[in-house]
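Here the structure is a predicted model, which is why all the values come from computation and not from measurement. Just so you know, ligand 1 is whichever comes first in the structure, and atom 1 is the first atom listed for that ligand.
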Amino acid sequence: MFNQHIDTAPVLEAFAAGGECPLCTLRNQTEEGYLDQFLGGSVMVPAMRVLVNEKGFCARHFAQLYESGNHLGLALMTHTHMKEAIAALEKRWMEPKKGVFWKRAAQDGEARGSCALCDRLDSTMDRYIKTVVWLWSNDKPFRERYNASLGLCVAHADAVLAATTDGAMRAAVIDVELRNLKRVEKELEWFTLKFDYRNNDKPWGDSKDALPRAIQKLAGASHQHKGE
Ligand SMILES: [Zn+2]
Ligand SMILES: [Zn+2]
C-alpha cells in the first residue's frame, strides 16, 4: 500500500496543473529529483548505494548524469559498479551450462540495461498510480477533476487500468482516454490540413502544437533537459 499523506499531495498538484498527462509531469519531476540526488551533495542511503553498485544505470540515465557535470561523483559510482559488474560477468561467463539462462537474461533485461534510477522511478510511479486509483474512489473533487481532465498518455492510462478492478473507474478512465485521444487526433488532422495553401487563412484553433501533444499521448513526455 502507499503512504497516503506523502503521495496524495504531488498527485493532486499534478492533476491541478493539467496537461496531456499529469503522470508524465510527475514522472519527469521525480526523475529530475533523483538525478539531483544521485550526484548532489546528499549522502546516499546504504541501500541505494548497494543498488547502484549492483545495477549501474541505463544509457539514458548515464547520459543525463554525465550531462549534469559532476564527473568525479559519477566516476566514483561508475568505478565501484564496474568492479562489481566485471566480477559478476567473470562468474557468469565461466559457468558452462548457463547458455539458455543468459540468452533469456540478454533479451529481458540486458538490452535495456539494468538501472538503479529506472528501478526507483518505476516503484515511485507504481505508488503514484495506486494513489490515483485511491483518490478516484475516495475523493469526489479529484474524481470530478479526473473525469473532466485531458486524460493521460496511453502507457499511463494502461497502468491505471491495470491497477484497478473497479468497474465504474475503468469505464470512466476509458471514456476520458478515448475522448481525449480522438480530440488530439482531430487537432493533429487539422495541423496536417493547415499545410494545404487553401487553408492558409483559416485559424489554427488548438492545432498549432498538436504534433508534440499527439507524440506525448502516444509515447509519453520525455524528460526535458534544462536549457533545451
Ligand atoms: Zn504519461
Ligand atoms: Zn534508467
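- Contact annotation: the side chain of Thr78 never approaches that of Phe57 to less than 4.5 Å [non-hydrogen atoms, C-beta and beyond].
- Nearest N/O/S atom of His156 with respect to the Zn ion (ligand 1) is recorded as ND1.
- For His61, the N, O or S atom closest to the Zn ion (ligand 2) goes by the atom name ND1.
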Check step by step if side-chain contact (heavy atoms from CB on, under 4.5 Å) holds for Leu74 and Phe38. CA-CA 9 Å; Leu74 183 58; Phe38 272 104; over 6 Å; no

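- The SG atom of Cys21, the Zn ion (ligand 1) and the SG atom of Cys24 define an angle of 110° (nearest 10 degrees).
- Of the candidates Glu189, Glu20, Glu177, Arg183 forms a salt bridge (Lys or Arg N to Asp or Glu O under 4.0 Å) with just one, namely Glu20.
- Panel note: side chain Lys194, backbone Asp201; no donor-acceptor pair is recorded below 3.5 Å.
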